[in-house]
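FYI, side chains are in, hydrogens and waters are out, and symmetry mates aren't considered; it's all heavy atoms of this structure. For ligands, and for the atoms within them, numbers begin at 1 and follow the listed sequence.
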Amino acid sequence: MARHKPNPYSDDSYDQAAINLRLALSVLGEHRLPSSPVNFRLAYDLIDGRSHSLNDQFKAVLASEHTDLNEALWDLYRKFYIQDEEALELIRAELQGILTGVVNECGFARGELLAYSGRLNILADLMNADANSELTLTAVKDAIKDAQEVAETQQQLGSQLTDVLKEVREIRKVINEVREESHIDPLTGVSNRRAFDFALDHQIDEATDQSEPLSLLLCDIDNFKKFNDDYGHLVGDKVLQFVAKQLKRSIKGRDFVCRFGGEEFAIILPQTPLKSAVIVADQLRLAISKSRLKRANSDEVYGHVTLSFGVAELRPDEARNDLIDRADRGLYQAKKNGRNRVEMITD
Ligand SMILES: Nc1nc2c(ncn2[C@@H]2O[C@H](COP(=O)(O)OP(=O)(O)OP(=O)(O)O)[C@@H](O)[C@H]2O)c(=O)[nH]1
């Protein structure tokens, strides 16, 4: 189940958030850390003190002598915030918030510049009236000091913006990587169960909207346990990779294959009625049963790899799990009737 983390910023009052924001920036300044979104988020939550575990670990990182402090903080960020799809959504929302904060800072800097320009106008009036008066000299000194402060603020803002932009690019890259990884089964390289759930919901909606047929195949490697027992788990893994590759190679267009779990695969066939789905399943079954999985650098064949299939077509208003259940019952039937076969449930 996806873990949901509440947005830590949503229930802060504006004033409290502004105080936290300033304190977070001062923590970063104190440790000479760039005010990047990642560092800022960690510092903000440190100030806010909502997670003791995060606080302890953040403090430990700051106290340690990491050669790359930014990398250590990034690891911390990954650990605490990048957990799943919802967390990624949250990061996007936070990035938005941080960028809004930067825009506000720009607004503040602009206000400072306008105020400074107003003070220069007053100075110009004073100089016109009496350039040598004590008042004018004091105002000139103040203006020089103001100019230095304004220049510093602008410089700080410039480097903050550069840091933020760099970090935003980095985060965008990581978000894309994490998102891809979270949809792919690492062993076989095909989509995983999570991606299947998304895809099936989407395809059911499409099929319903367009009044088109949709079928689902569930298939399971026959006597797979024997591969593990006879040749070891690594060969078992190779069999899984082999089957995934064959299935992926054989499907077309919008068809979608995923590792459903263990030694079981699911294939969604949009725009396909039951009769055609059974034909597709039988073609896949035949193709796999004919191919041979050989030991690397030798002609030794690991034995026959065969699959059993259960097929079901979506019924009007049918829930996703009912469709899966019917395909699963077909698969059970195929195993019961001798394996290496295709069965459908029509009742
Ligand atoms: N190598 C490997 N084995 C796995 C993986 N996932 C599940 N298994 C194994 O798959 C086997 C499934 O065995 P069973 O459920 O008894 O099914 P089976 O031997 O395929 O027999 P039938 O399905 O009845 O034809 C178990 O031994 C699991 O340990 C995996 O990722 N890698």
Side-chain angles (χ1 to χ4, degrees), residues 1-2 83-84 177-200 215-251 256-269 277-278 280-312 321-345 347:
M1 252 281 285
Q83 289 182 346
D84 52 26
E177 282 170 9
V178 172
R179 160 173 286 164
E180 262 173 38
E181 280 169 18
S182 72
H183 283 104
I184 299 289
D185 170 51
L187 177 67
T188 60
V190 295
S191 298
N192 62 14
R193 177 66 187 269
R194 173 201 283 253
F196 168 80
D197 288 342
F198 278 115
L200 187 58
S215 292
L216 175 68
L217 314 183
L218 279 188
C219 60
D220 184 282
I221 305 174
D222 294 327
N223 301 313
F224 180 62
K225 188 171 175 301
K226 198 164 161 25
F227 284 103
N228 280 334
D229 293 347
D230 290 355
Y231 304 105
H233 259 74
L234 287 181
V235 171
D237 287 352
K238 283 215 176 327
V239 173
L240 285 168
Q241 287 164 341
F242 168 78
V243 169
K245 204 165 142 192
Q246 298 293 327
L247 291 177
K248 194 141 191 219
R249 183 186 285 169
S250 311
I251 59 163
F256 177 95
V257 64
C258 87
R259 186 173 175 201
F260 195 68
E263 79 285 19
E264 206 169 326
F265 294 84
I267 301 153
I268 304 170
L269 300 173
V278 169
V280 172
D282 211 46
Q283 283 167 348
L284 292 172
R285 184 194 65 75
L286 253 178
I288 301 237
S289 69
K290 276 188 191 158
S291 44
R292 296 283 174 271
L293 179 65
K294 289 184 184 162
R295 186 189 284 271
N297 305 323
S298 110
D299 272 346
E300 190 192 344
V301 176
Y302 282 125
H304 277 288
V305 181
T306 61
L307 298 184
S308 295
F309 285 80
V311 188
N321 286 348
D322 293 335
L323 174 67
I324 296 175
D325 182 59
R326 279 191 303 117
D328 198 37
R329 281 196 283 135
L331 176 57
Y332 176 79
Q333 199 65 37
K335 292 278 182 186
K336 211 171 127 202
N337 291 347
R339 297 181 175 80
N340 190 18
R341 54 188 296 126
V342 177
E343 295 284 353
M344 58 187 158
I345 299 287
D347 61 33

**Asked** Any chance the side chains of Ser308 and Asp220 put a donor and an acceptor closer than 3.5 Å?
**Response** no
**Item:** Donor-acceptor side-chain pairing of Arg285 and Asn340 below 3.5 angstrom
**Value:** yes
**Complete:** Scanning both residues in full, the closest heavy-atom pair of Leu240 with Phe224 reads CG-CZ, 3.7 Å
**Complete:** Contact set, ligand 1, heavy-atom distance under 4.0 Å, ordered by chain/number, equals Leu187, Asp220, Ile221, Asp222, Asn223, Phe224, Lys225, Asn228, His233, Gly236, Asp237, Leu240, Arg259, Gly262, Glu263, Lys335, Arg339
**Message:** Test your reading of the model: is there a side-chain donor-acceptor pair from Arg292 to the backbone of Lys290, 3.5 Å cut-off?
**Reply:** yes
**Prompt:** According to the interplanar angle, ranging from 0 to 90°, do the rings of Phe196 and Phe260 count as parallel (below 30°), tilted (30 to 60°) or perpendicular (above 60°)?
**Reply:** perpendicular
**Prompt:** Quick one: do Arg329 and Asp325 make a salt bridge, cutoff under 4.0 Å?
**Reply:** yes
